[in-house]
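A note on names: the letters A, B, ... follow the listed sequences, proteins ahead of strands, and every chain is numbered from 1.
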Amino acid sequence: MKIKALNGFKDIIPGEVELWLKVEQTARNIFNRFNFSEIRMPILEKTDLFSRSIGEATDIVEKEMYTFVDKQITMRPEATASLLRAYIQHGLYVQKPIQRLFTIGPMFRHERPQKGRLRQFHQMDVEVLGSANPRVDTELMAMGAMLLEELGIDVSLELNSLGCPECRPGFRKTLLTFIDDRRDELCDDCKRRSTSNPLRVLDCKNPRCREQVEEAPSILDHLCGSCGEHFSSVQKGLQDINVVYSLNKFMVRGLDYYTRTTFEFITADLGSQAAVGAGGRYDGLVETLGGPKTPGIGFALGMERLVLLLQQKELETESTGCDMFVAGLGEKAIDFAFPLVHALRQMGLQAAMDHEGRSLKSQMKQANKLQSGYVLIVGESELEQGQAVLRNMETQEQQDVKISDATDTFARSLQEKCTLRIS
RNA sequence: GUGGGUGUAGCUCAGCUGGUGGUAGCACCUGGUUGUGGCCCAGGAGGUCGUGGGUUCAAGUCCCAUCACUCACCCCA
């Protein structure tokens with residue numbers, strides 16, 4: 001029986017990796033433009049960290065975490081909790097009052113795999129800690145939008161506010177009254193949810209529930225003074241820099257720590273896994289985890305979803321051509337080629353050769369597949385005369401070149417030719 | 001956790017109402033020039049037909065189980 005990767009776990013093989021690199025490089029470039037610093041955390045954390053931050057009653061904590069029960073440690077299901085733990089542990093708030101951090105890496109949730117949803121998946125996660133300023137909310141959404149635009153991914157930005165511990169309880173009561181009035185019309189899930197987390201009834205996908213909830217009160221009409229002000233400033237900021245968004249009063253979050261601003265980048269091209277990125281404000285979370293009272297906001301982008309969207313666009317993958325392929329004919333020529341190729345590589349060129357003693361034709365084919373700019377053909381008789389043939393693969397021109405005694409000197413003369421081609 | 005669909009070569013797939021696994025395409029190797037790539041042509045290699053049972057003279061094909069993949073519910077990035 002062959003050993004295969006676990007269900008919901010995937011290899012990213014050559015041909016696919018290129019798209020991942022593109023996503024990652026574009027993201028790093030943009031994070032850098034917005035002055036974010038990278039932070040890397042371990043994958044394993046105390047289980048307690050996640051249950052405290054994400055919420056005991058959430059689906060993630062209740063049934064989706066990979067936990068070593070005997071040791072009370074868990075593979076992170078998301079990045080924010082770990083990042084805040086590191087932020088608190090190292091006292092990063094002392095170094096800088098406002099920290100702008102990002103991290104990229106794998107997360108683990110034991111869900112049933114599906115398109116755009118794996119058990120090991122990868123997120124790019126961005127957090128700003130230490131500022132409650134609505135401008136920061138705006139800036140983060142603008143950054144997300146800019147990143148997706150540069151990747152050429154078409155999304156819409158949906159926005160909502162969840163209020164704060166001041167105003168949410170009041171809204172919750174209003175909503176509960178509304179729900180109770182039409183409880184019988186709701187699906188079983190929603191009946192359950194109406195007691196555990198009534199806000200979640202708002203984003204049920206069941207058409208009947210949607211209909212019932214259509215006229216539900218909006219939290220946006222029940223925000224307290226400061227939350228309301230904050231939210232209008234966020235919106236004004238978005239308008240000022242022409243970031244297109246729409247309000248979605250039904251959007252809620254699956255993690256308990258969110259407050260005030262929440263947002264999602266939604267695509268129409270991925271089936272039911274429509275959110276390519278999502279996040280929001282979590283002003284009480286640092287304190288919950290034992291740090292100083294610190295406001296924060298962040299969001300995460302799902303990398304496999306981004307890669308899927310790029311794959312659907314069928315972009316041509318630009319491969320970097322090999323600079324020089326050295327084709328040796330016969331044992332002596334191969335012995336000559338090996339140190340030469342090594343010297344070329346030391347000089348920073350992409351060089352290749354065949355070690356298997358294959359025919360020239362076969363070696364030319366290999367050179368072609370590698371998109372070599374040049375092939376140096378070294379035959380045994382020419383080698384004795386201190387000569388070799390240099391072929392330009394694009395123009396098909398060939399010229400005899402003198403092989404000097406010192407490999408390095410010869411390599412340098414080849415390097416000049418290749419560099420000319422590159423520039 | 002709950003449903004539906006699908007498992008045949010590295011990949012994409014033919015294979016009818018059971019009768020010896022496909023000259024199928026892509027990819028790979030060799031040859032078509034004593035030592036010259038892309039195109040074309042010829043040849044070659046590559047499979048316990050997901051796995052385990054059952055029915056049958058005979059199973060890739062029918063039945064059962066199981067595993068995997070996949071889509072949807074759920075949840076979420």
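You'll find that the side chain of A:Phe121 is closest to B:rA77, out of B:rG35, B:rA77, B:rG38. For A:Lys10, the listed nucleotide lying nearest its side chain is B:rU70; candidates were B:rG37, B:rA77, B:rU70. Ranking B:rG32, B:rG38, B:rA68 by closeness to the A:Lys361 side chain, first place goes to B:rG32. With B:rA68, B:rC29, B:rC73 as the choices, the nucleotide that has an atom nearest any side-chain atom of A:Arg358 turns out to be B:rC29. Across B:rA77, B:rG37, B:rC74, the shortest atom-to-atom separation from the side chain of A:Glu111 is found for B:rA77. For A:Ala300, the listed nucleotide lying nearest its side chain is B:rA77; candidates were B:rA77, B:rA72, B:rG32. Nearest to the side-chain atoms of A:Gln114 among the listed nucleotides B:rC29, B:rC73, B:rG38 stands B:rC73.
Atom pair A:Leu270:CG and B:rC71:C1' shows a separation of 13 Å (rounding to whole Å applied). A straight line from CD of A:Glu64 to C1' of B:rA77 spans 12 Å, rounded to a whole angstrom. Taking atom CD of residue A:Glu78 and atom P of nucleotide B:rA77, one finds them 8 Å apart after rounding to whole Å. Rounded to whole angstrom, the span from the CZ atom of A:Arg391 across to the P atom of B:rG37 amounts to 7 Å. Atom NZ of A:Lys369 is separated from atom P of B:rA27 by 9 Å (rounded to the nearest Å). Atom CZ of A:Phe265 and atom P of B:rC76 are 19 Å apart (whole Å). Rounded to whole Å, the distance from CG on A:Leu360 to P on B:rG32 is 12 Å. Between A:Arg112 atom CZ and B:rU70 atom C1' there is a gap of 10 Å when expressed in whole angstrom units.
Note on A:Gln398: a base of the nucleic acid sits closer than 4.0 angstrom, heavy atoms only. Within the nucleic acid shown, A:Ala278 comes within 4.0 Å of sugar-phosphate atoms alone, with no base atom in reach, counting heavy atoms only. Within 4.0 Å (heavy atoms only), A:Gly8 reaches sugar-phosphate atoms of the nucleic acid but no base atom. Residue contacts shown for A:Gln273 include a base, since a base heavy atom lies under 4.0 Å away. Looking at heavy-atom distances under 4.0 Å, A:Ser381 makes contact with a base. Across all strands, A:Leu301 comes closer than 4.0 Å to no nucleic acid atom at all (heavy-atom distances).
Taking a cutoff of 4.0 Å between a charged side-chain nitrogen and a carboxylate oxygen, A:Lys10 and A:Glu16 do not qualify as a salt bridge. The existence of a salt bridge linking A:Glu18 and A:Lys22 is excluded, since no basic side-chain nitrogen approaches an acidic carboxylate oxygen closer than 4.0 Å. Ion pair A:Asp48/A:Lys46 not flagged as a salt bridge, since none of the NZ, NE, NH1 or NH2 atoms sits closer than 4.0 Å to an Asp/Glu carboxylate oxygen.
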- Task: Evaluate the side-chain contact (heavy atoms from CB on, under 4.5 Å) criterion for residues A:Arg33 and A:Ile30: first the C-alpha distance (whole Å), next the side-chain angles of each, then the deciding distance (0.1 Å), finally the verdict.
- Result: CA-CA 5 Å; A:Arg33 268 185 246 170; A:Ile30 291 197; 3.8 Å; yes
- Message: If a pair means Watson-Crick or G-U wobble with both distances below 3.5 Å, what does RNA chain B look like in dot-bracket form, with | marking bases paired to a different strand?
- Response: (((((((..((((.....[..).))).(((((.......))))).....(((((..]....))))))))))))....
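Aromatic ring orientation, A:His122 versus A:Trp20: perpendicular (interplanar angle above 60°, classes split at 30° and 60°).
A residue-by-residue look at A:Gly279 and A:His110 shows that A:His110 has its nearest nucleotide of RNA chain B further toward the 5' end. Heavy-atom nearest nucleotides on RNA chain B were determined for A:Leu118 and for A:Asn368, and the one closer to the 5' end corresponds to A:Asn368.
In the displayed structure, A:Asp11 atom CG is contacted under 6.0 Å by at most 12 heavy atoms of other residues, nucleotides or ligands.
The base of B:rG35 sits with one of its N or O atoms less than 3.5 Å from a complementary donor or acceptor on the side chain of A:Glu382. For a distance-only test at 3.5 Å, the side chain of A:Glu380 fails to qualify as a donor-acceptor partner of the base of B:rG35.
Separation of the P atoms belonging to B:rC29 and B:rG37 is 15 Å when rounded to the nearest angstrom.
Ring centroid separation for the pair A:Phe102 and A:Phe31 comes in under the 6.0 Å cut-off.
When atom types are taken as modelled, the side chain of A:Asp354 and the backbone of A:Glu356 share a donor-acceptor pair closer than 3.5 angstrom.
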